[in-house]
Each structure stands twice: as structure tokens, then as C-alpha cells.
> 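Structure in C-alpha cells, see below.
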There are 2 protein chains.
Amino acid sequence: MTRSATSRTTPRPTTRPAETAVSSMSPDDLLKLDQQVCFALAVAARNVIGLYRPVLDPLGLTHPQYLVMLALWERSPLTVREIGRLLSLEPATLSPLLKRLEAAGLIRRDRHPDDERALAITLTPRGRQLREQALDVPPQIVERLGVRVEDLQALHASLSRIIAATTATD
Amino acid sequence: MTRSATSRTTPRPTTRPAETAVSSMSPDDLLKLDQQVCFALAVAARNVIGLYRPVLDPLGLTHPQYLVMLALWERSPLTVREIGRLLSLEPATLSPLLKRLEAAGLIRRDRHPDDERALAITLTPRGRQLREQALDVPPQIVERLGVRVEDLQALHASLSRIIAATTATD
DNA sequence: CACTAACAGTTAGTGCACTAACTAATTGGA
DNA sequence: TCCAATTAGTTAGTGCACTAACTGTTAGTG
């Protein structure tokens, strides 16, 4: 752990600002950090989604279904591909999910008039109406989380950076 | 905590800080997809795990399997329950996963000598040896992520708060 | 001592998420 | 014009993750 004397008095070749903090970190620490971040990300996501479960249960929605409904409540005729781009999900994942939402009477899966290949996913009246109940979800989650809003905002900012980095590179 | 502003002079019945910001949002914004922390969390986790896929593929591991191996590389005889506590996973999730690791020749699933109910999960020589290759995983991920280390640290701090909040409450 | 509680792990069933392989519609050239 | 390449969505197959219901073991209590 005790940094070897590599960068002692020498000018430090390519010191981008990003690396300033790294210079105080051993490669070992870097590995640990990465492992911890990926682990924390997976656990936090599972835990938070688990928090949604009892809240979404009365609405008859799972968490991914809830995200799809959020997208549709914002803009209603959407194709499968468009939903996939919004949520970073594969069409193969959405296809059965959308059928379940259709079976629940929340959406319609009609052929797109301009392009027979595509589907026009629209809300049914029941689907549109469900938004009323959904308005109560975020406050309940925030309450159950019991985390300061500033912390949530900080988390959101950090996550956005990661998402930008991982979707831009693709 | 610098919670100064909330303690005005009027007591304000049960205004926890969490609720002030949420209740002051317009209902429209409340359900906006792009400000849902849960959405960002889910997408970030999926993206990062997707980043691991090609890196873990040569090792023959999935991401959850990799996390289990990380736990075992740190401490080797572990029960299913103990792994579950470390990774926040249900025994029902781990049971088939561990059988796959056993089938891959990386672990052994022996009955625990002191308690016939429990399993003693141990590494095989091959499983222990795999650590060598795994040492190369985090640097590859950090490189592919292309994110500043400060951002990773900030993310880790935020996630830790969330995990603490969600596992303590259970 | 017996018998019930609690506990460790497994199995069944549902749903998410991915890749690869497929069908059908559309587009763009040669 | 016609036909190859692209595109939209579906299906099959693997694996993760959960809940509920189960088997078998241990431990606690009457």
C-alpha cells in the first residue's frame, strides 16, 4: 500500500487533473475501488428496486413496467425501439413485457400506420388513468429510503456521469 | 449535519427534509423519467454490468458469479447464507448459481461438518487459480469506463449511503 | 424425552435481461 | 424494376432475482 517513490521529485509526465487524485492511490486501491463501485452499484440497484416492489404492487406493476409507463405518460405513441432507446433495453426484453402490459389492459399494441413493421404503443384509458395512483409512488419511495434529498441529487449526478460514459462509448 | 435552514422559528409539524423538496415539485415533474433516481440506478447498473460481460467472458464467469468468486477469494469456507449476506442475495438465487460454479469446477459444495443443514462452499485449486486472471479485470473496466477517479469515489460514497439506508431499514 | 420453533438449503413459478437466430416489411441501388 | 441489405419486432435459450412452499437438521422448551 505505501506508494513506492515513483513520482517523487520528477515532474509527473502526463498529469491530467483526473489523475491528481490517483497519484495518491496505489494500483491496489484502484482495483479495490472499482470492485467496490460495481458491487455497490449492483447491490444498490437491487435494494432500491426491492423498495419499489411493495409500493408498485397495488398498481399491479413491476419496476421495469413502471419505467415503461413513465415513458408513455410523457409521450404516448412510441415504438418498441423508441422505448428501448429511452430505457436502454433490448427489443427482445421489451417484447414480452409489453404483451403483459397489454394483457393488463394498460396499453395497446397496434401496427404503425406509416410502417407496418413497427408497433405504435399507446395508452388505454385505464393506462392513462393509472398515472393518478402513480403520482403517489415517488414520495413513498423517498420516505421509505430515508435519505436526504441532497444525497439523492448527488447520487443522481454521479449516476448520470456513468450513464453518459457507458452509453456514449457504445 | 448542517441542517440549519429547516429549524426556522415555527416548528413546522412533521416536515422531514425529505418531504419538503418532493412535495414542492409539480406533479408533472414528479414522474419525469429523467429525474427518477431509480431509473438512473437501473440503467447505470445494467450498463456497467454490460461492460463486465466481454471482460468476464474469457474467465467463463457472469457478473454475479464474479461477485461470488470475489467473496470466496477473500475468505474461503463460506456457507450459502453467508455469501447471501455479503452480496444481498437470496439463498434461492444463489443455490443454482453455486451449482453452476461447481459444474464449472471452480468450487466445491460440501456439507458443513458442524451443521449438516449448511453447506461449506470452498474453492477448488482451479477456482483459486482463476484469481490470477481476475486480477486483470478491474483495470480493464476502469479503462473501458473512462471516468475520472473522483467521480468513481463520489459515486461510491453516494451508493454506500443508499445501501446503508436500504439494508438497515429491513 | 419429545416435540415444536427456527433454521439451511432446494424447488417451482414468474418475470427481467441478454444474445443469436428468425420473419416480415421497407429501402436503396444496380 | 427487382433484389440485396437494412430495419422492426419476435422467439428460443441461458441465467439472474424474487416469493412461496417444501425437505431435512438443529435447538429450545414443556
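Chain A is the first sequence line, chain B the second, and so forth, proteins listed ahead of strands; every chain is numbered from 1.
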> Rounded to whole angstroms, how far apart are CG on B/L101 and P on D/dG15?
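Checked: the CG to P distance equals 11 Å.
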> What is the minimum heavy-atom distance between A/Q133 and A/P58, and which atoms define it?
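Answer, listing the atom of A/Q133 first, then A/P58: OE1-O, 4.3 Å.
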> Looking at B/R109, does any N or O in its side chain come under 4.0 Å of the phosphate oxygens OP1/OP2 on C/dA8?
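Answer no for this pair, as no side-chain N or O of B/R109 is under 4.0 Å from OP1 or OP2.
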> Mapping B/P91 and A/T62 onto DNA chain C by nearest heavy atom, which one lands closer to the 5' end?
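The residue mapped nearer the 5' terminus is B/P91.
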> Fit a plane to each ring of A/Y66 and A/W73, take the angle between them on a 0 to 90° scale, and name the class: parallel (under 30°), tilted (30 to 60°) or perpendicular (over 60°).
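Rings of A/Y66 and A/W73: perpendicular, as their planes differ by over 60°.
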> Please evaluate residues A/R131 and A/L135 with respect to the criterion side-chain contact (heavy atoms from CB on, under 4.5 Å), reporting the C-alpha separation (whole Å), side-chain torsions for both, the decisive distance (0.1 Å), and the verdict.
CA-CA 6 Å; A/R131 206 185 106 101; A/L135 284 173; 4.2 Å; yes
> Under the criterion side-chain contact (heavy atoms from CB on, under 4.5 Å), I'd like the reasoning laid out for B/L78 against B/L72: C-alpha separation, chi angles, the key distance, then a yes or no.
CA-CA 7 Å; B/L78 283 175; B/L72 288 171; 3.9 Å; yes
> Show the nearest heavy-atom pair for residues A/C38 and B/H63, with the distance to one decimal.
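Nearest heavy atoms, A/C38 then B/H63: SG-NE2, 3.8 Å.
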> Rounding to an integer number of Å, can you tell me how far A/H112 NE2 sits from C/dT26 P?
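Roughly 11 Å, once rounded to whole Å.
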> Search all heavy atoms of A/L87 against all heavy atoms of B/F39 and return the closest pair with its distance.
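Shortest heavy-atom separation between A/L87 and B/F39 comes out as CD2-CE1, 3.7 Å.
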> Counting primed atoms plus P, OP1 and OP2 as sugar-phosphate and everything else as base, spell out the protein contacts along nucleotides 17-24 of chain D at 4.0 Å heavy-atom distance: B, S or - for each nucleotide, 5' to 3'.
BBBB---B
> For B/D115 and A/K99, take the nucleotide of DNA chain D holding the closest heavy atom to each; which residue's nucleotide lies nearer the 5' end?
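Its nearest nucleotide being more 5', the pick is A/K99.
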> How long is the line joining CD of A/E102 and P of D/dG9, in whole Å?
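Roughly 14 Å, once rounded to whole Å.
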> Under a 3.5 Å cutoff on both atom distances, Watson-Crick or G-U, what's the dot-bracket for DNA chain D ([ ] crossing, | other strand)?
|||||||||||||||||||||||||.||||
> Please determine, for the side chain of A/L119, which listed nucleotide (D/dC16, C/dT10, D/dG9) has the closest atom?
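Of the candidates, D/dG9 comes closest.
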> Expressed as a whole number of angstroms, how long is the span from B/R100:CZ to D/dC16:C1'?
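These atoms are roughly 8 Å apart.
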> For the pair A/T93 (side chain) and A/L89 (backbone), establish whether a donor and an acceptor sit closer than 3.5 Å, ignoring hydrogens and angles.
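Not confirmed, A/T93 side chain does not pair with A/L89 backbone.
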> Which heavy atom of A/E82 sits nearest a heavy atom of A/P77, and at what distance?
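Taking every non-hydrogen atom into account, OE1-O, 4.3 Å.
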> Measuring from the side chain of B/A118 (C-beta onward, heavy atoms only), which nucleotide among C/dG15, D/dG9, C/dG9 has the closest atom?
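Given the options C/dG15, D/dG9, C/dG9, the side chain of B/A118 is closest to C/dG9.
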> Would you mind reading off the distance between B/D114 atom CG and D/dT25 atom C1', rounded to a whole angstrom?
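Between C1' of D/dT25 and CG of B/D114: 14 Å.
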> Rounded to the Å, how far apart are A/L61 CG and C/dG15 C1'?
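Going from CG in A/L61 over to C1' in C/dG15 covers 13 Å.
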> Heavy atoms within less than 4.0 Å of DNA chain D: which residues of residues 68-82 of chain B have one? Give them sorted by number.
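Residues of residues 68-82 of chain B that come under 4.0 Å of DNA chain D do not exist, since none gets that close.
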> Based on the glycosidic angle (syn within 90° of 0, else anti), state the conformation of C/dA5.
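Nucleotide C/dA5 adopts syn.
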> Answer yes or no: does atom CZ of B/R128 have more than 12 heavy-atom neighbours from other residues, nucleotides or ligands under 6.0 Å?
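More than 12 heavy atoms, drawn from other residues, nucleotides or ligands, come within 6.0 Å of this atom.
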> Round to the nearest Å and state the distance from A/D57 atom CG to C/dG15 atom P.
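Rounded to whole Å, this separation is 12 Å.
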> Does the B/R46 side chain pair with the main chain of A/S88, one donor and one acceptor, at a distance under 3.5 Å?
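Yes: the side chain of B/R46 pairs with the backbone of A/S88.
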> Would you name the heavy atoms of B/R144 and B/P54 that are closest together and state the gap between them?
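B/R144 and B/P54 have their closest heavy atoms at NH1-CG, 3.6 Å.
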> Taking atom P of C/dT14 as reference, at what distance in whole Å does atom CD of A/Q65 sit?
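About 15 Å, once rounded to whole Å.
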> Between the main-chain N or O of A/L98 and the side-chain N or O of A/R109, is there a donor-acceptor pair closer than 3.5 Å?
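Pair absent, no side-chain N/O of A/R109 close to backbone of A/L98.
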